Structures are given as structure tokens and as C-alpha cells.
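Okay, so here's the structure we're looking at.
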Amino acid sequence: MPELPEVQTIVTDLNSRILNKKIKKVEVRLKKIVKNPTKSFIQDLQKSTFKNIRRRGKLLIFELSVKNKYLLIHLKMTGQLIYCKNNKITVGGHGMSKDMGELPSKYTHVIFMFSDGSKLFYNDLRRFGYLHIVDDKKLEKILEKFGIEPLDKDFTLKKFKSLIENKKMNIKAFLLNQKFIAGIGNIYADETLFDAGILPNRSANSLKEVEVKKLYKAIKKVLKKAVQYRGTTFNDYLDADGNKGSFLKFLKVYHREGKKCLRCNKEKIKKIKVAGRGTRYCEKCQK
DNA sequence: CCTTGTGTTCTCCG
DNA sequence: CCGGAGAACACAAG
């Protein structure tokens, strides 16, 4: 699942690879992935360039050289953006389940072809993601729904406290809600709660001051480290070069149910449902 | 049936 | 009856 660290990795990679390259041709192989009429989508992109690429939460924002046009891409669960200079792509590591040897694959739904011959592929096994070109007004409307960026300087402990103090919902639901903090998904919600030693089903406003501080530090720490290791590859996530992220080896609870807790070395990691999502935790280390 | 991200709908409460 | 909060549900497809 591409969450903040994974999307950030793609943004950083693409910014150093495709800025100001002329888009010669765009191929839409699956219409439902593109939210605009196919014809206007292609027209807006062809002969344009990407001036800048950024993200807000898990949403990628490509600023086009055409005035007031922005390409938004959401990867949802299994979306990939892979850039290659030729059609062959070598997947980092081994044991990949998908036949990613050559692109386009059967999961390639949109292809951007640049005038230097390089290509950017949008692949999506489950086809939950989308591409959408919007104007600045629409973009603003979309962006105002997002909460604070957890790695920004203005995400302070004070700010975090003020967000959390009046929330009756459980702390995991709070972390997953993009309108409070943007970019945390199921993996990093479980990992930050484990790091902070807090049970996922605790109500947010029941956290003591020392716990709020622990969780705040955990969010910064875990997300920063995950960005540093270029995200977590579980099944489908790949960076813009088609390589896996290497944060998997640092996961303490996510997908470790039934295995021995790496902190207490005693308790087995449990799995329950919280906020409608699979949730892993250690009964001994999280209170 | 499961998986997760997100948008919508429903319910509760003051 | 309204609005907000939060929970529940719906949907995507393999």
C-alpha cells in the first residue's frame, strides 16, 4: 500500500527524472482509470511538460506547463508509477510475484511517452487508483480536505495535542483519517502505535500527556525512517525505477501476527479488527 | 470471504 | 429539526 513514505519516494525519484521532458504521446489503455474524458486528458498532456511534482498525503500532484492544469494521481492499493528509458525493467531483489519483467504489462493502464524515448507507466493490478486533470480551483478544493503533513515543521507536539485532545474515536481511526493527519495508512498506523506502546483501540482523548508525546515522536521517527529506506514493499509497491522499498525489514507488527514480539521477545503479535481494518499489536508492549 | 483507501450514509446526541 | 462527530457501510477487483 503506498502511504506517505512510498509516495514521497516516487515524488523524489520522478522530480529528478522527468521534469521538463516533452510529452510526445499519451496512451490510455483503460478508460475508467482516467477521470477526465479520454480525449481531453490526452490533449492536455500532449506537447506539455511536468513543471513540478509534489504530493499531499498520498496524492501525487503533477504541475503541467499548460497554465492552471494539474495531473493528480492516486495509487490507492496497488498503483505503480514506473519510469524507464527502454521497455525492459529489472525489478530489484527477487521473488516478485508479478510478471514485471517487461513493460507495458497487462496491468499497465496509462503510458506517457516522452520525446527522448523514455516512458512513464501507470500500472495497477486492482485498478482502484485514478488519474485526474484538474484546474487550480478544483485542486484547491481537493487539497483543503487534507490534514497536516506529519513531516512538516509545523506539525508540532502542540499541534498534535490540539488535534487529539477532543477526539472520542479510537486512536487508530484518528491516525487513519486523512483530514487530521495526511499520509498515514494501515501499515504506519500499526507501526507508530507499537513504537509508542499504545493499544490501537484506545480512544484518542484517553491518551495521557506522556503517551501523546510518545506517539508524536513515533510518527516522526517511523515515517522519516521509512522514507529513508524508500518505503515498504509488501506485494505491489515499487519505486519509480521499479525497485522495492526496504523498510519491510524494520516492520515490528504489520503482517507479523502469530510471530514473537521483537520487543518483549515473549508475546505473540495479535491481529484484531479496529476501525474496520486489520490491526496488529502486542498485548504486552502496548497498553 | 479477505485485503485497504476513500467517499457516502446512517445514527446518535445536544 | 439541525449540525457535528463518529461509526458503519459501500465500493473498487483479484
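What you see is a predicted model; the values in this text were computed from it and never measured. Chain letters run A, B, ... following the sequence lines, proteins first and then strands; every chain starts at 1.
Geometrically, A:Lys225 engages A:Phe250 in a cation-pi contact defined by less than 6.0 Å to the ring centre and at most 45° from the axis.
Rounded to 10 degrees, the angle between the two end axes of the helix from B:dC2-C:dG14 to B:dG14-C:dC2 is 40°, with five pairs used at each end.
Here the P atom of nucleotide B:dT6 and the CG atom of A:Asn186 are 12 Å apart, to the nearest Å. Rounded to whole Å, atom C1' of B:dG7 lies 12 Å from atom CZ of A:Phe146. Following rounding to the nearest Å, A:Ile171 (CD1) and C:dA7 (C1') show an atom-to-atom distance of 16 Å. Atom NZ of A:Lys168 is separated from atom P of C:dG4 by 15 Å (rounded to the nearest Å). Distance, A:Leu60 CG to B:dT6 P: 12 Å, rounded to whole Å.
Residue-level contact check: A:Tyr254 touches the backbone only, with heavy atoms under 4.0 Å from sugar-phosphate atoms and none from bases. Using a 4.0 Å heavy-atom distance criterion, A:Lys271 is classed as a sugar-phosphate-only contact. Using a 4.0 Å heavy-atom criterion, one finds that A:Met77 contacts the bases of the nucleic acid, with or without backbone contacts as well.
With DNA chain B read from its 5' end, the first of the two nearest nucleotides for A:Met1 and A:Tyr130 is the one closest to A:Met1.
Ring centroids of A:Tyr254 and A:Phe234 are separated by less than 6.0 Å, placing the two rings close together.
Counted by atom type alone, A:Tyr188 and A:Glu6 present one or more donor-acceptor pairs between their side chains at under 3.5 Å. For A:Lys172 and A:Thr279, the side-chain atoms include at least one donor-acceptor pair closer than 3.5 Å.
Using a 4.0 Å cut-off, some side-chain N or O of A:Lys273 falls inside it from OP1 or OP2 of B:dT3. The side chain of A:His74 places no N or O atom within less than 4.0 Å of a non-bridging phosphate oxygen (OP1 or OP2) of B:dG5. Between B:dT6 and A:Lys58, a contact under 4.0 Å exists linking OP1 or OP2 to a side-chain N or O. One finds no side-chain N or O of A:Lys179 lying less than 4.0 angstrom from the OP1 or OP2 phosphate oxygen of B:dT6.
Side-chain proximity of A:Arg127 to the nucleotides C:dG6, B:dG5, C:dG14 is greatest for C:dG14. With C:dA13, B:dT4, B:dT6 as the candidates, the nucleotide lying closest to the side chain of A:Lys76 is B:dT6. Comparing C:dG6, B:dG5, C:dA13 by their closest approach to the side chain of A:Lys167 singles out C:dG6.
With respect to the salt-bridge test (charged N to carboxylate O, under 4.0 angstrom), the residues A:Lys159 and A:Asp154 do not qualify.
Residue A:Lys213 places its NZ atom among 12 or fewer non-hydrogen atoms of other residues, nucleotides or ligands, all under 6.0 Å distant.
The nearest pair of heavy atoms linking A:Ala196 to A:Lys214 is O-CD, 3.5 Å. Contact between A:Gly57 and A:Ala182 at its shortest, heavy atoms only, is CA-CB, 3.7 Å.
In the interface, the side chain of A:Arg277 is paired with the base of B:dG5 through a donor and an acceptor atom under 3.5 Å apart. Residue side chain A:Arg126 does not reach the base of B:dT4 through any donor-acceptor N/O pair under 3.5 Å, judged by distance alone.
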